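Presented below is the structure to which this report refers.
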Amino acid sequence: MPRATHPHVPSQVSAEGKTRQEVARLLLEQGPMTAVVVAEQLGISPAAVRRHLDALLADGEAETRDAPRRGPRGRGRPAKLFLLTEPGRARFGHAYDDLAVSAIRFLAEHAGEDAVRAFAEQRVEKLVGPHRPAITGSSDPAARAEALATALSREGYAASTRQVAAPAPGQNVGAQLCQHHCPVAHVAAEFPQLCEAETEAFARLLGTHVQRLATIARGDSACTTHVPVTTGNNPAHPEPGRTVSPEGHTARIPNGGKPA
């Protein structure tokens, strides 16, 4: 007697793959986050989310870290935060990385560091230049940061903004611009001029000095840029990092920085 066929299996597999991609995209855009929060965001059961997260962990596309404790230490293990690894981000495109690195190496060897710098500046101008009118339509740096995040998301950077508390009484809040995906992270890891030119362009667009706190190219979970709001002569700053003025002048501070 012939074995029964299962015509719905391919669609089930496709649905599983689609849900896993949605889980991965949520980690990309909003991670690190707990399994419970992922389930709430996607409107599916925690058990289903954990199945997909376990698969991402097994494939090396996600990793975990302990969530920071808030309030008094209680019993039990701390909650786990899930975030994508570099292979997990590759789901969303790292095309032509090797070719790009080889090309820029050739440029550096035969035309020098100034040529690499000029290339980086031209690239970021093509990236954000078409969005300049929308970004500079407001005089408020925070509103400009929000418009810049929208523009970067349209270019594939999964960007968002968030407010951060004032570091001292009498100072206003600032904004953090977070890019949860970087299509050129592998290239920028070897050629930081790409990140430097991008940060300087942000400062010019936002009309204020900015601080790059973290980058995916350095192994952080997101590229994070602090946009301070000024009260009087005292800009609101987070912990030290790379400061870039609207004129494009940069200053390195050895301690670096981490996203808030």
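Source: prediction; values computed, not measured.
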Taken to the nearest 0.5 Å, the spacing of Glu61 CD from Thr85 OG1 works out to 6.5 Å
Rounded to the nearest 0.5 Å, what separation is found between the CZ atom of Arg162 and the CG atom of Leu177?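 Output value for this atom pair is 10.5 Å.
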Scan Cys223, Ser160, Ser153 and name whichever one has a side chain to side chain contact (heavy atoms under 4.5 Å, CB included) with His180. Ser160
Between [X] and [Y] (salt bridge meaning N to carboxylate O under 4.0 Å), is one present in this structure?
X: Glu22; Y: Arg25; result: no
X: Glu200; Y: Arg117; result: yes
X: Arg204; Y: Glu125; result: no

Would a hydrophobic clustering, with Ile, Leu, Val, Met, Phe, Trp and Tyr connected at side-chain separations under 4.5 Å, put [X] with [Y]?
X: Phe202; Y: Tyr157; result: yes
X: Leu83; Y: Leu42; result: no
X: Leu213; Y: Ile216; result: no

Would you say [X] and [Y] make side-chain contact, with heavy atoms under 4.5 Å?
X: Phe82; Y: Leu57; result: yes
X: Glu196; Y: Arg212; result: no
X: Thr136; Y: Arg144; result: yes
X: Met33; Y: Leu26; result: yes
X: Thr34; Y: Val38; result: no
X: Gln163; Y: Gln176; result: no
X: Gln211; Y: Pro228; result: no
X: Leu28; Y: Phe92; result: yes

Side-chain donor-acceptor pair present, Glu113, Gln193, cut-off under 3.5 Å: yes
Taking side-chain hydrogen bond (donor to acceptor under 3.5 Å, both in side chains) as the definition, give me every residue that meets it alongside Gln179, ordered by chain and number, with sequence neighbours left out. Glu198
Derivation and outcome, side-chain contact (heavy atoms from CB on, under 4.5 Å), residues His186 and Val101: CA-CA 8 Å; His186 289 261; Val101 169; 5.6 Å; no
